[in-house]
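Here's the structure we're looking at; comments come further down.
Every chain is numbered from 1, with letters handed out A, B, ... down the list of sequences. These numbers come from the heavy atoms of this one structure, side chains and all, not from hydrogens, waters or symmetry mates. Worth saying up front: this structure is predicted, and the values here are computed from it rather than measured.
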Amino acid sequence: MLDIKDLRDHIEQTAQRLATRGYSLNVAKLTALESTRKLLQVDAQTLQSTRNDLAKQIGQKKAKKENVDDLLAEASNINQALSDKESQLIQVQAELEKHYLDIPNLPHDSVPVGKSEEENVEIRRWGEPAQLAFGPKDHIDLGEGLGLMDFAAAAKISGSRFVVLRGQLARMQRALTQFMLDIHTKEHGYNEVYVPFLVNEKSLYGTGQLPKFREDQFSIAGDNALTLIPTAEVPVTNLVRDEIIEAQNLPLKFVAHTPCFRSEAGSYGKDTRGMIRNHQFEKVELVQIVKPQDAYTALEALTSHAETILQRLKLPYRVMALCTGDMGFSSAKTYDLEVWLPSQNQYREISSCSCFEAFQARRMQARWRNPETKKPEPVHTLNGSGLAVGRTLVAVIENYQDSEGRIHVPEALQPYMDGVKIIQ
RNA sequence: GGAGAGGUGGCCGAGUGGUUGAAGGCGCACGACUGGAACUCGUGUAUACGCUAAACCCGUAUCGAGGGUUCGAAUCCCUCCCUCUCCGCCA
């Protein structure tokens with residue numbers, strides 16, 4: 001959610017900035033609703049104030065056994081007028097709220113303006129894609145060839161867009177997870193957290209998945225609607241929902257390993273084969289809660305933390321600054337890490353690192369006490385994949401294949417696999 | 001699943017319809033006392049929204065959430081959520 005006061009005061013500029021990301025703000029409608037709201041709210045509060053006064057007087061007079069019939073009559077009139085105003089106000093406020101929750105975040109000034117991913121800007125590259133003398137296979141052929149990746153079994157059990165991993169590949173996925181967690185906790189100062197994988201609606205509103213993206217989520221049936229997390233961002237960031245954090249406790253740095261569940265609505269036909277786009281995948285997620293002035297330093301740091309994993313695994317990648325038109329709903333600035341996939345002869349997203357500024361914090365009422373103002377102010381939130389484990393497994397499989405279809409285990413990973421050097 | 005108890009400010013805790021946003025205590029902040037500190041004393045100490053250029057002031061709302069009764073609800077009624085205890089079941 002944007003800062004409402006700021007939005008009211010600079011609605012035209014805000015509309016222009018939102019336009020760069022393809023969102024058209026209904027200025028006339030919002031302005032009209034706001035002025036209606038203002039009138040109704042002032043009226044309603046005045047009436048409430050009068051009613052409170054009357055009630056007090058009635059109480060005092062009754063205590064003295066005086067007659068209060070005239071006051072009662074007056075109070076009754078007020079209440080009628082009040083309930084009328086209140087119902088109007090509630091309606092207008094609900095409508096405003098609906099609009100506000102629908103507005104995406106403002107892009108940071110440094111974000112390149114563009115319409116689609118075509119206009120994302122490459123920031124830097126690391127590593128050289130290996131020139132494989134043989135025709136590189138994709139992870140599906142390799143995995144199935146080894147008998148360790150089984151999409152048929154997954155389809156039988158659940159359906160398309162799932163995978164069964166066996167033996168050393170299942171082991172390697174676990175190894176990757178441990179490897180990532182160790183680096184982030186031991187070298188980058190993150191606190192590991194274990195969190196629920198099923199969350200309530202409030203949490204999803206907090207981080208911005210709702211109300212707009214309901215169809216992307218898996219929800220479970222029942223009276224008490226819970227949703228499978230699409231990313232650990234949801235439960236981890238919501239740790240600070242409705243909290244006021246003392247300045248000395250910032251920044252908070254969390255790392256969590258969780259499965260992620262995505263319905264992949266609207267992605268029919270994209271990456272339907274293999275492990276790139278599944279309904280269920282593993283991810284190690286980094287989350288930071290910081291003071292506003294530290295947000296963009298933190299974004300650079302967090303991005304570099306994710307990069308470390310790729311570097312240790314010696315996987316070639318590039319860092320992309322997403323353009324205004326390609327950024328996620330809640331983000332003010334996003335870097336994507338894209339890893340080299342030989343089979344596709346291109347870089348593919350493996351991590352997304354974003355700064356949300358106060359956008360999520362306002363939705364969540366996550367605040368810190370600013371020592372300068374002594375007032376609670378929204379914190380800034382960030383997160384990034386560090387990394388998507390399933391896609392990392394794909395990248396390792398494809399980049400470390402040899403001409404015989406075997407997978408060499410990256411050196412950094414060998415200690416996590418009892419020294420196994422080759423999967424065959 | 002069965003039976004019971006309970007949810008009040010940062011924490012503890014009083015409060016069963018009327019100047020209660022809420023006694024008292026703890027904690028915290030500031031001040032006085034002191035050479036300095038402890039002790040002691042004094043003062044202050046919720047959040048959101050509205051009003052405002054902004055701040056103060058002021059107003060409104062909030063005692064788990066929502067609804068109801070009433071001139072007036074932390075207090076009465078209904079629904080839901082959550083926590084705890086015992087039993088059962090169980091990774």
**Request:** State whether the distance check finds a donor on one side and an acceptor on the other, under 3.5 Å, for side chain A:Gln45 versus base B:rG59.
**Result:** yes
So does [X] get a side-chain nitrogen or oxygen closer than 4.0 Å to the phosphate oxygens (OP1/OP2) of [N]?
| X | N | answer |
| --- | --- | --- |
| A:Lys38 | B:rC51 | yes |
| A:Ser49 | B:rG59 | no |
| A:Arg369 | B:rA29 | no |

Take atom [atom1] of [X] and atom [atom2] of [N], then tell me their distance rounded to the nearest Å.
| X | N | atom1 | atom2 | value |
| --- | --- | --- | --- | --- |
| A:Leu82 | B:rG59 | CG | C1' | 14 Å |
| A:Asp53 | B:rU60 | CG | P | 7 Å |
| A:Lys65 | B:rG18 | NZ | P | 14 Å |
| A:Asn370 | B:rA55 | CG | C1' | 16 Å |

**Item:** Heavy atoms of other groups near A:Lys421 NZ, more than 12 under 6.0 Å
**Value:** no
**Item:** Base-pairing assignment for B:rC33 (Watson-Crick or G-U wobble, both under 3.5 Å)
**Value:** none
**Prompt:** Using the benzene-type ring in the case of Trp, are the ring centres of A:Phe329 and A:Phe213 under 6.0 Å apart?
**Reply:** yes
**Asked** What does A:Arg362 touch in the nucleic acid at a heavy-atom separation under 4.0 angstrom: a base, only the sugar-phosphate, or nothing?
**Response** nothing
**Request:** Would you classify A:Lys375 as touching base, sugar-phosphate or nothing, given that sugar-phosphate means primed atoms plus P, OP1 and OP2, and contacts are heavy atoms under 4.0 Å?
**Result:** sugar-phosphate
Pairs under 3.5 angstrom only: tabulate donor-acceptor contacts from the side chains of residues 383-398 of chain A to other protein residues two or more places apart or in another chain.
unit_1, atom_1, unit_2, atom_2, d
A:Asn383, ND2, A:Glu233, OE1, 3.4
A:Asn383, ND2, A:Glu233, OE2, 3.3
A:Ser385, OG, A:Ser352, N, 3.1
A:Arg391, NE, A:Ile276, O, 2.9
A:Arg391, NH1, A:Glu349, O, 2.9
A:Arg391, NH2, A:Ile276, O, 2.9
A:Thr392, OG1, A:Ala388, O, 2.6
A:Glu398, OE1, A:Ser343, N, 3.3
A:Glu398, OE1, A:Ser343, OG, 2.8
A:Glu398, OE2, A:His139, N, 2.8
A:Glu398, OE2, A:His139, ND1, 3.2
A:Glu398, OE2, A:Ser343, OG, 3.1

What's touching nucleotides 71-74 of chain B from the protein side, N or O pairs under 3.5 Å?
unit_1, atom_1, unit_2, atom_2, d
B:rC71, O3', A:Asn79, ND2, 2.9
B:rC71, N4, A:Lys62, NZ, 3.2
B:rG72, OP1, A:Asn79, ND2, 3.2

